[in-house]
Amino acid sequence: MKFNPNLQFDQQHIWHPYSAIGANHPVFKVTAAQGVYLTLEGGQPLIDGMASWWSVIHGYNHPVLNQALQQQIAQFSHVMFGGLTHQAAIDLAKILIEITPAPLQSVFFADSGSVSVEVAMKIAIQYYLSQGYPDKHKFLTIKRGYHGDTFGAMSVCDPEQGMHALFKGILAQQYFIAAPQAGFDQTDVSQDIMAMEQYLEQYHQNICAVILEPIVQGAGGMRFYSPHYLAKVRQLCDQYQVLLIADEIATGFGRSGRLFACEYANISPDILCVGKALTGGYMTLAATLTTEKISQAIRQNPPHVLMHGPTFMANPLACRVALASIQLLLQSNWQNNVQMIAKELQQGLAPCLELEQVAELRVLGAIGVVELKQAVDMKTIQALLVKHGVWVRPFGRLVYVMPPYIISKVEIQTLTQAMLKVIAKI
Ligand SMILES: *Cc1c(COP(=O)(O)O)cnc(C)c1O
């Protein structure tokens, strides 16, 4: 590549996700983004297979979302949320309560997915603490999970294969059981659920909540598991008086084929985290929702308030664009789009199963995962994918995509053909 002083500055001074300053990790400079396309400096268009990590569900530079933001900017861009409120927050909370599973009635607006997980964990601890159960402060979770990069969230990520294994000795110690082996279509989960039951029976006096990603485990391995497992976990949580936290930061807003992945198991969690696609990928915003039972227990017992409150809580721009994004989603034919994407990904990627280097192909909703037998060299494979005109960012043994819902059949075919060609070369 030609010498580029901007990219050199970037490399020497700016951290990117999980990167090193000064290392030779190439980054590509984006100069425009429109619909399903990213344009790189120099003019090369790329079909975006990542939706900027699950979030850009309507595509880039959407006129409706742009307008929502412009209108809010013309009114005001931010006000503190302590003692003040605004219409965008009220309308967004209303619609979130309406579309999430029924008993969720209380909304906390957080700055990012990780923060919403911290808040969910704090709510669970405070719920039991304030009712006189100080020993119920630990979490039970399944391995291969990913819940974020902050310290509480890190403590419930997979402790060995996850991204935070380095900090194992420093993090709060939680309870981990094996990730369910029963795949999405399997109904017999008796083996998988045994460990959950044993741990709950033995440790429920110390456990305030089970936390997991419903149906789709994202960054911890891109695994899909049986809704029957989730339904059983819900039953066990009730039986042992432990709360259930569903982290739908990746799965929320239609990605799995249901508006929320919990719907596959017909359950509702006690606490729900949403983020990523919440604003259609425009701004950082997340939310933690709980039942009235939980919010009232917190109100009725000292200190009588939930002990959390970020500076930029419920930022009006973020709330306004989130509201517009959800309305756009609900007005669209997203179920059909997601179904079409699932079908095309399955068909387009199926030939990869003939390749020696491929271990498994998994598709659910608008998520396609090719699991390889060996980890890829990200630098090489990323450059090849870009050469083939697509933006896909593999990690470890996984080459996976979750495109914007507006992607066309032909664009998916281009995307999957590029993936096949590149996987065949490695
Ligand atoms: C991305 C993600 C998070 C963390 O969200 P951030 O906005 O990156 O802090 C938490 N849980 C799940 C399931 C995620 O996919």
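Between Ala287 and Leu96 the shortest heavy-atom distance is CB-CD1, 4.1 Å. Closest approach of Gly220 and Tyr146 over heavy atoms only: N-CB, 3.7 Å. Thr291 and Ser106 make their closest contact through O-OG, 3.9 Å (heavy atoms, listed as atom of the first residue, atom of the second, distance). Of all heavy-atom pairs spanning Met419 and Val399, the tightest one is CE-CG1, 4.0 Å. Residues Asp270 and Val242 approach most closely at OD2-O, 4.4 Å, considering heavy atoms. Pairing each heavy atom of Ala124 with each of Ile245, the nearest pair is CB-CD1, 4.3 Å.
One N or O on the side chain of Tyr405 and one on the backbone of Arg255 form a donor-acceptor pair closer than 3.5 Å. In this structure, Ser52 contributes its side chain and Val56 its backbone to no donor-acceptor pair below 3.5 Å. Judged purely by atom type and a 3.5 angstrom limit, Tyr282 has no side-chain atom pairing as donor or acceptor with the backbone of Leu317. Remark: the backbone N or O of Gln239 is not paired with any side-chain donor or acceptor of His204 at under 3.5 angstrom. At distances below 3.5 Å, not a single donor-acceptor pair connects side-chain atoms of Ser116 with backbone N or O atoms of Thr288. Checked by atom type and distance alone, the side chain of Arg362 pairs as donor or acceptor with a backbone atom of Met222 at under 3.5 Å. Looking at Glu248, its side chain never comes within 3.5 Å of a backbone N or O of Glu213 through a donor-acceptor pair. For the pair Gln300 (side chain) and His304 (backbone), a donor-acceptor distance under 3.5 Å is absent. When atom types are taken as modelled, the side chain of Arg393 and the backbone of Gln382 share no donor-acceptor pair closer than 3.5 angstrom. Between the Arg144 side chain and the Asp158 main chain, no donor and acceptor come within less than 3.5 Å of each other.
Taking His16 as the reference, Asp10 meet the side chain to side chain donor-acceptor pair (under 3.5 Å) condition, with sequence neighbours excluded. Considering only residues two or more places apart in sequence or on other chains, Ser325 meets the side chain to side chain donor-acceptor pair (under 3.5 Å) condition with His58. In terms of the ring-ring contact (aromatic ring centres under 6.0 Å, His included) criterion, residue partners of Tyr264 (sequence neighbours excluded) are, by chain and number, Phe184. Under the rule for a side chain to side chain donor-acceptor pair (under 3.5 Å), the partners of Gln34 that lie at least two apart in sequence or sit in another chain are Asn61. Scored by the side chain to side chain donor-acceptor pair (under 3.5 Å) test, Glu292 finds no partners at all (sequence neighbours excluded).
The distance from the CG atom of Leu129 to the CD1 atom of Ile125 is 8.0 Å, given to the nearest 0.5 Å. With values rounded to the nearest 0.5 angstrom, Leu230 atom CG is found 9.0 Å from Ile193 atom CD1. Of the inter-residue distances, the one linking Arg320 atom CZ with Gln70 atom CD reads 13.5 Å to the nearest 0.5 angstrom. For the atom pair Leu140 CG and Leu236 CG, the distance stands at 10.0 Å (nearest 0.5 Å). Distance check, rounded to the nearest 0.5 Å: CE of Met378 to OH of Tyr18 gives 11.5 Å. Atom CD1 of Ile99 is separated from atom NZ of Lys94 by 14.5 Å, given to the nearest 0.5 angstrom.
Within the structure, every pair that satisfies the side chain to side chain donor-acceptor pair (under 3.5 Å) test and touches residues 172-181, not counting sequence neighbours, is listed here: Ser155-Gln174.
Under 3.5 Å, the side chains of His164 and Asp149 contain a donor-acceptor pair of N or O atoms. For Tyr60 and Asp48, the side-chain atoms include at least one donor-acceptor pair closer than 3.5 Å.
For an aromatic pair to be called close, the ring centres must be under 6.0 Å apart, and Tyr127 with Tyr133 fails this.
Annotation: side chain of Val107 is not in contact with side chain of Leu92 (no heavy-atom distance under 4.5 Å). Residues Leu259 and Leu329 are in side-chain contact: their nearest non-hydrogen atoms beyond the backbone lie under 4.5 Å apart.
The aromatic rings of Tyr229 and Tyr225 sit perpendicular, their planes meeting at an angle over 60°, well past the 30° parallel limit.
Ion pair Lys29/Glu41 flagged as a salt bridge, since at least one NZ, NE, NH1 or NH2 atom sits closer than 4.0 Å to an Asp/Glu carboxylate oxygen.
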